[in-house]
Every structure is written in C-alpha cells, then in structure tokens.
Amino acid sequence: MDHFLYRDGALFAEDVAIAEIAAAVGTPFYVYSTATLLRHFRAFDEALEGMDHLVCYAMKANSNQAVLKTLAQAGAGMDVVSGGEYRRARAAGVPGDRIVFSGVGKTRDEIRLALEGGIRQFNVESEPEMIILDAIAQELGVVAPITVRVNPDVDAKTHAKIATGKSENKFGIPIARAREVYAMAATMKGLDVIGIDVHIGSQLTDLTPYEQAYQKVAELTQTLRDDGHTITRLDLGGGLGIPYERSNADPPLPSDYGAMVKRTLGHLDCEIEIEPGRLIAGNAGLMVSEVIYVKSGEGRDFLIIDGAMNDLIRPAMYDAHHDIIPVIEPAAGIEPQPIDIVGPVCESGDTFAKQRLMPPLAAGDLVAFRSAGAYGAVMASEYNSRPLIPEVLVKDDQFAVIRARPTFDEMINRDTIPEWL
Ligand code: LLP
C-alpha cells in the first residue's frame, strides 16, 4: 500500500495534490511520500521482531539526504557501496556504526575513509580486497570488522542484469571456498571476522531462492563455528521485489520474508542484518510528467511526454514495467485506448510503454509513473542536455523540494574550456 491515491478525481501524495506540486516546481519531477517510506521500513523492522536485527537501507535505491534522514530517524542503518554514499549517509546524520560497506571494488581511499570515519562492518568480496583492508587497518592502528560475502550459486530468477548470486556473477567468493578464505582472514591482525554476508539479486518475487541461499548460509555458519570462527552476525542482503504491475502481481511481503528468515536462521542466535532498497523506496515515489503532444502514427498513436529515459532509465535498461496513471482520474465509463508512451530523447529506446491502455489525454495533462521511488532519480543522467529533474518530499499536507532542478547555466557551466580553444 502507498499514499498516492485519488481524492475527488485528482491524484494526491498524502494530503498534497500532485497538480499543486507540478504548478510549484514544473514538470517532470519525482515526488516521495514520507508515510510510505516509513511504512515500508517498519514492515521490515517488524518482520524481524524477536531477533536481534538491523535494517540497513540500501541507499543506492534512493540516496537523497532527506530520504536517508527520514529512515535513519526511524532507526534504519545504511548499506553503502561507494565513498560517495558513505559521505552522503554521514552528511544525513547517520553514525558510522550504523553503516555497512558493500561492493566488489572498494578503493583504498574508500576503505580509509570508512575506517577513519567509523563503520559497522565491511562486507568483503575477495581475497585481494581482504589483503588491502587488513593492510590499511593495521597502518591506521584499527581493526576492521568484516563479513565475507559468499556467492551461494542459486538462481534468483530475476532479470539477468540484477541477478548476483550465480557463480558466473562477479559478486562474493564461491561458497565452496569459504572455509579457506575465512581461515586466511583469521590470520590477519587488521581484521575482525564477525559474520557472513549474502545477497543474491534484486526484484525477487519468490522466496524459494532466498530460502536455498539462507540454508547454505546456516550450514556454513555451523561449519565455520566448528572451524573455530566466531560468527555472530548474518547480513542477508536485500532484493525483495515489489508489485510493479498492480493488476497481476502478488510478491511475498516482508512478513513472509521475516518468517522464512526465522525458520532458516533463527536457531543460530546471530544478529540479523538486511539491506532492502527497492521495497522501501520503490512504491514510495512517483515520477510526474506532462504530455507535450499526442501524435498519430502509422497504425498507432504516441503520447509524447516531457519525462524521458534520462530521467527514468528502467524501462529502457531492463524492459521494466511502470504503471502510468493520469493525474486527473478518468471519469467512469471512459474506454481506455492503446497508446505508446515515449519521451523526447532521440532514441527509439526512449519508450516507456508500448500499446498501454490509457484514457484519452491531451497536451498539458499530467501523468504519474508509479514505483519510481527506487532506482529512478539516482540513475538519472543529463543525456540530451536535459537537466536532472527535481525531487520533492511530501509529509502529510506539507511538501518540500529536496533537490532543486539545476538551471541551464549551472548545467552548462560545469564544462570548462581549455585555454587553447
Ligand atoms: N544489497 C546489495 C549488496 C545490493 O547489490 C543491492 C542491489 C541491494 C542490497 C538492494 O537491493 P534491492 O532491495 O533494492 O532490490 N538498478 C536496478 C537494481 C539494481 C540493484 C543492485 N543491487 C533496477 O532498477 O532494477
């Protein structure tokens, strides 16, 4: 459930009319609902009740500091994957001991930054990373808490570009080699091995692959304990999917996921960490866009809108479906017609939907893309010299611009001309 509903025929974000925001900030823009963000965070937090746990929001999904602060104030930790994300989380007031550092390619500078600034743990993904981390920790005179990310070789049954738990993927170390890697880590004075990390992919709509992976983690926990390691924390990754298509989807709920975690791992008496991104932010956001033209083509019509693939890349990149709804609710009995919904960018890939059933729309009308709160604004670019679109946060009847649209001058003046020109 989210807080984007029609009231008297007009779409609202909580208690604010979308049309009012559009009039204030112009289109296109992203808008997020505080109540929905908190609702989704709490759903996870409550699903793990009874187990020592921390929900570390995967901030790659939406890293606006206002979003981070909203979640951090509710008790969330953060999962970061770059020095930029670490800095952003700290700037939003998240203490180091609630930040987990994931990712296959942490640089020396990023490692140093986190060790100096404070970190809950590094999720280490390879032996070379382990060696560098150990060396830097010793150089700084600190001990780095780590888990090792294991690759359980399970098929997450999701889009190939966002599956991470098969042996062919670049992530983690093969679970079959875990014992030797943990043995190596135990000899390193700069490291404190505290647990195991696993993440198998994103937009998972079935709990079976999770259960397979977590069973392997449970077995590995026993094996490593028998080998003499102290395993007290399990980081179970993120990835629980959301219903992108309201009409036909029913993915498992955080409560189902939590019950499965308790069933497979509860007996190990470990602290549980999870890293959800999409499920917290995805359905807490819309991208709102205005119709520029309605164009009749050969056998099909096109709704040309002012949002484009550079603003929301998911349909072009993953063939992703986003529900698109008019901001003015269609009157009862209006027959929807199929239409292609496209942006102004000069690529055929700038197509959001083909032959989507929509009520009749005209230039100037507003449409809203649902499920755009995760992997929307964060993946945007200025392709075609289109400035990044603003982000707005709603709370009850208030709204605030949380990232302003840059001016054309700001965008253009970021280039510098060498003196020989
Ligand atoms: N933890 C790790 C180590 C991850 O790599 C990811 C996502 C997450 C947590 C959060 O996964 P989530 O709960 O959001 O599914 N841009 C793609 C999604 C990429 C996900 C990458 N890793 C998309 O728009 O679908």
Side-chain angles (χ1 to χ4, degrees), residues 30 37 40-41 43-44 47 54-63 67 71 76-82 85 89 99-106 120-126 129 147-152 156-166 169-173 196-207 209-210 213 217 234-244 251-254 257 272-285 287 309 311-322 352 369-381:
Y30 281 101
L37 286 166
H40 293 161
F41 166 72
F44 274 115
L54 184 67
V55 179
C56 292
Y57 167 62
M59 61 178 275
K60 62 168 77 67
N62 183 326
S63 55
V67 170
L71 293 169
M78 298 290 151
D79 170 49
V80 309
V81 291
S82 70
E85 284 194 351
I99 301 178
V100 169
F101 205 143
S102 301
V104 285
K106 305 175 194 78
R120 181 176 179 82
Q121 104 234 357
F122 291 90
N123 293 333
V124 173
E125 298 223 15
S126 66
E129 178 191 339
T147 70
V148 176
R149 177 168 175 182
V150 293
N151 186 326
K157 298 196 178 72
T158 185
H159 191 283
K161 283 187 186 152
I162 51 176
T164 56
K166 287 287 285 173
N169 301 129
K170 67 182 176 184
F171 300 97
I173 57 137
I196 305 172
D197 172 43
V198 68
H199 170 83
I200 56 174
S202 194
Q203 186 52 19
L204 272 63
T205 52
D206 178 1
L207 290 182
Y210 276 120
V217 168
L234 301 177
D235 183 328
L236 304 177
L240 199 58
I242 62 171
Y244 277 100
L253 299 171
Y257 172 84
I272 299 294
E273 256 168 25
I274 54 168
E275 305 167 349
R278 189 191 312 266
L279 204 142
I280 290 180
N283 282 332
M287 183 181 81
M309 64 190 287
D311 306 310
L312 177 64
I313 194 130
R314 302 195 68 261
M317 192 153 171
Y318 314 109
D319 299 316
H321 174 102
H322 284 262
F352 290 117
F369 287 67
R370 284 191 173 278
S371 315
Y375 306 111
V378 284
M379 294 182 78
S381 76

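We count residues from 1, following the sequence as given. Counting starts at 1 for both ligands and their atoms, following the listed order. Treat the numbers as computed from the prediction; the structure is a model and nothing was measured.
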Inset, instruction - Starting at NE2 of His322, measure out to CZ of Arg314 and round the result to the nearest 0.5 Å. - result: 4.0 Å
Legend entry - Set of residues that line ligand 1, where lining means a heavy atom lies under 4.0 Å from it: Ala58, Lys60, Asp79, Arg149, Ile162, His199, Ser202, Gln203, Gly238, Gly239, Glu275, Pro276, Gly277, Arg278, Arg314, Tyr318, Tyr375, Met379
Legend entry - By salt bridge (charged side-chain N to carboxylate O under 4.0 Å, His left out) - contacts of Glu273 (at least two apart): Arg120, Arg233
Legend entry - Euclidean distance, Leu312 CG relative to Tyr375 OH, rounded to 0.5 Å: 13.5 Å
Inset, instruction - Take Glu85 and Lys60, measure what salt bridge (Lys or Arg N to Asp or Glu O under 4.0 Å) needs, and give me the verdict at the end. - result: CA-CA 8 Å; Glu85 284 194 351; Lys60 62 168 77 67; 5.8 Å; no
Legend entry - Gln121-Asn123 side chain donor-acceptor pair, cut-off 3.5 Å: yes
Legend entry - Rounded distance (nearest 0.5 Å) linking atom OH of Tyr57 with atom CG of Leu37: 7.0 Å
